[in-house]
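So you know, we letter chains A, B, ... as the sequences are listed, proteins then strands, and number each from 1. Excluded from the calculations below are hydrogen atoms, water molecules and symmetry mates; all remaining heavy atoms, backbone and side chain alike, are included. None of these values were measured; they are calculated from a predicted model.
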Amino acid sequence: MTASSNTTSGESAASFALELQKISKSFGLVQANKDIDLRIEKGTIHGIIGENGAGKSTLMNILYGLHRADSGDMFIDGKPAKIKGSADALSLGIGMVHQHFMLIPRFTVLENVMLGSEGGALLGAGRVATAQRLQELGQTFDMVVDPDALVSDLNVGMRQRVEILKALKSGANILILDEPTGVLTPQEATQLFEILDKLRDNGVTVLLITHKLAEIMAITDNVSIMRRGEMVGHRKTSETNPQELAELMVGREVLLNVEKPEANPSDVALSVSGLGCYSSRGHKILDNLNFEVRAGEILGIAGVSGNGQTPLMEVLAGMRKPDEGQFEILGTTITADTHVTPSDMRANGIGHIPEDRHKHGLVLEFEAYENMVLGFHDTSVTGEKRLMDRKHMIAHCAERMEEYDIRPRAPHLPAKNFSGGNQQKIVVAREMYENPKLLIVGEPTRGVDVGAIEFIHKQLIALRDQGCAVVLVSVELDEIMGLSDRIMVMNKGEEVATISGADADAQKLGLMMAGISEGAGA
Amino acid sequence: MSNVKPLPRWADLLLLPLINLCAAFFICGIVVWMIGENPIEALSVMIKGAFYYPGSLGYTLNYTTNFMFTGLAVATAFHAGLFNIGGEGQAYVSSLGIVFVIAVFAPFLPALLVILLCIPAAAIMGGVWAFIPGYLQAKRGSHVVITTIMFNFLAFALMVWLLAGPLLERGQQSPQTPKIPDNAILPKMETALGWFGMDIASSPLNLSFIVALVASFIFWILIWKTRLGYQIRTVGKNQDAAHYAGINVSRIIIITMMISGAFAGLLAVNAVMGVQHRVVLNYTAGYGFTGIAVALMGRNHPIGIFFASLLFGALFQGGAELDFEFQSITRDMVLLIQGMIILFSGALAYMFSPSLSRVITGLSRKEASHD
């Protein structure tokens, strides 16, 4: 907003839209940010990359006034800035697009954008002004959105656009985007990048927070890397590469692509025919699915999240009954009339790594050793005695922690006190322990750091090579393409196409995820 | 530095509740002072009344027994994430189990067997009364808080009708059953200890206190040692994870409610077989409700529940003494103290936690620098 600042202060600092000096912030004993220095040049796209828990979100929340730094200074356009709340941030021209959208679905686009600038008790004037502003912004940045559409009718990409417009309307010239592509298809992500380009061309400074290396490489000018609350490096994007960034993030050498030998599929482990499911409201969420998975292969299921992957996994794991069709799983046929429980499925040799470890995979308040037997509490991992054998369970947990390098090695620590990656390793260790013949895996590396991703991917491939059939559901295309021997793409509960892993590329999968099946045969 | 360390375990479990308790007594002391009495004197009267005078400990422990049963009941449900407000009704209706066993077996069985049959009968009846709210919660989603409250009213109505009608003692004007036969009476503690040559003052305390201790032990085994307990706790902490783990959530909810009701039902063993020797109107006297505070204060652990019960028992007994000794203090003062204790150790349980933590951290730092 204050573009005139360039002329008033001729110092070199003025060429930075934002400068942070020695910002520190701790929560109790946890030092979330330590002496953070950051300089962001005007009119650039600056990436901030780091593993989960590296302190990226804390830093952005300080910038946006949601947290207050314990110490350190902040300069905007070279001038010292005190941000005590998001209202201060807004008035200084900082806007934020949150990972989870802050829109009211039952309001129209215009009503959502108008929030915060209603302009008096009656809405008339504010409405007209906002509509005009929306049109201007839409033209400047090529972001045309129907102002009268209900937000609930928009797709995710469009909703994000509304969020961006909302920030720009308030005069933001520094825009913070927190993990913006997490919910987008590859095509939508490309469109977002085009918008970001336009913003940059018009002098807006963009801060992009992400843990995806590919995005950093694709769109940013500069990148800062965070690890354990500290800035560990700043690079010009043109002068770095994904390998270097990954190593800076993790602090050691990592394999971005896990070595995968040729698959050796044998007997059919899972055969699905005509499977269908309805939601509690009567919508069809799975529609006439037919596929097979053989022992020794990984079937990847790609799709934008919410296109039937969740109910499919639940049905296969015995958590939900199919409404139509049937499937034969390790020799047991299951139809709508079969009474089956997740325990039956486990006893049958099925492992299930759920997509949401906090909701399903773990009891966060339970200690690690108690979580290590979740779902297996009736088996010998809890001991052979009539009562649960605590010593036996703790020893079992300690062994798994050693084997899967779960840190800290503390069977008594509540699950909630482990990092995301180590929590996931607890689930993986538990589900792989009984050597399942069929493993259902959902989002195995969501919110997991790069080091743990490598480990989990290796485990999945090793399990496959032992002759386990793996069904892998993931919204991360890199993961799907890196691990799967065959890929089934789902859209609206239906199979769009199934292609071999070798034939897949992001472009093709992206089209299929949008429901377009042309070129599937190629 | 404003770093706040989590409290060490001993401070969390012992020191903090003690501080909360002191705070509650302090506020009550101010009230006593304001109505013109000496708070120190009042406190000493209460303590003497609860523990010191001959027989007073027996009275206190008798109340403690009741609180333990209802406290365990609330805690059981709480471990499954359920709020059983129906302890009152469950404890009331459970006397019907005792009445039934006495009617059928007392005429020809010896005392030991009759008693050993009556105890589970009371528990089962309490469990049955809790089954319907449990079933409705599990299968129909009717909230257990609402249904257990409703079942309290149903229990009151049912018992009034039975005590004033079918079960009424012949020729009796007040609604109560006839006296139970001698072979269904639980021996008093003074009698039982007399068998071992010990001599204590006379009080209503009876062997149901032992039943309460056994029930506490069973509770501990059930919740932390059995697979059922593991399933109960899983359901309580995360129902989605329980479903994922193959635990039948509805079944666990129903079973937990029944076990909870069974603990509450044991209160009838004390009230009917130990103290009154008949079923009288309103013998539950609010124990079911106070059990909620007991469980809360006792952190749903049997040892905590024991001490919380002892505290509330002492308040009941010492409060009566207070009423007797002071002209201007009535029994209502006990309600005030109870209320303060519930406020400080329930609602404001962690109010002193940060400052206490700073003190402890400060002390340990000093120690470290001296070494």
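Side chains of T341(A) and N248(B) form no contact here, defined as non-hydrogen atoms less than 4.5 Å apart. Using a 4.5 Å heavy-atom threshold, the side chains of V363(A) and R233(B) count as separate.
In this structure, R357(A) is not positioned above the aromatic face of Y244(B) in the sense of NZ or CZ being under 6.0 Å from the six-membered ring centre and within 45° of the axis.
Enclosure of atom CZ in F327(A) by more than 12 non-hydrogen atoms of other residues, nucleotides or ligands within 6.0 angstrom is indicated. Annotation: K34(A), atom NZ; neighbour count of heavy atoms from other residues, nucleotides and ligands within 6.0 Å does not exceed 12. Around the CZ atom of R251(B), the shell of radius 6.0 Å holds no more than 12 heavy atoms that belong to other residues, nucleotides or ligands. For I303(B), the CD1 atom counts as loosely surrounded, since its 6.0 Å shell holds 12 or fewer non-hydrogen atoms of other residues, nucleotides or ligands. Within a 6.0 Å sphere centred on CZ of F352(B), heavy atoms belonging to other residues, nucleotides or ligands number more than 12.
N238(B) and L362(A) get closest at one heavy-atom pair: ND2-O, 3.1 Å. The two residues A245(B) and S343(A) come nearest to each other via the heavy atoms O-OG, 3.9 Å. Taking all atoms of both residues into account, the shortest heavy-atom contact from G246(B) to R346(A) is N-NH1, 4.1 Å.
Residue contact with chain B, scored on non-hydrogen atoms closer than 4.5 Å, is absent for L364(A). No part of E314(A) comes within reach of chain B, as not one of its non-hydrogen atoms sits under 4.5 angstrom from that chain. Contacts of H358(A) with chain B are made by backbone atoms alone, with heavy-atom separations under 4.5 Å and no side-chain atom involved. No part of D389(A) comes within reach of chain B, as not one of its non-hydrogen atoms sits under 4.5 angstrom from that chain.
For the set E370(A), R386(A), R390(A), the entry with the most heavy-atom pairs within less than 4.5 Å of chain B is E370(A).
For residues 215-231 of chain B, heavy-atom neighbours of chain A at less than 4.5 Å comprise I221(B), K225(B), T226(B), R227(B), Y230(B), Q231(B), sorted by residue number.
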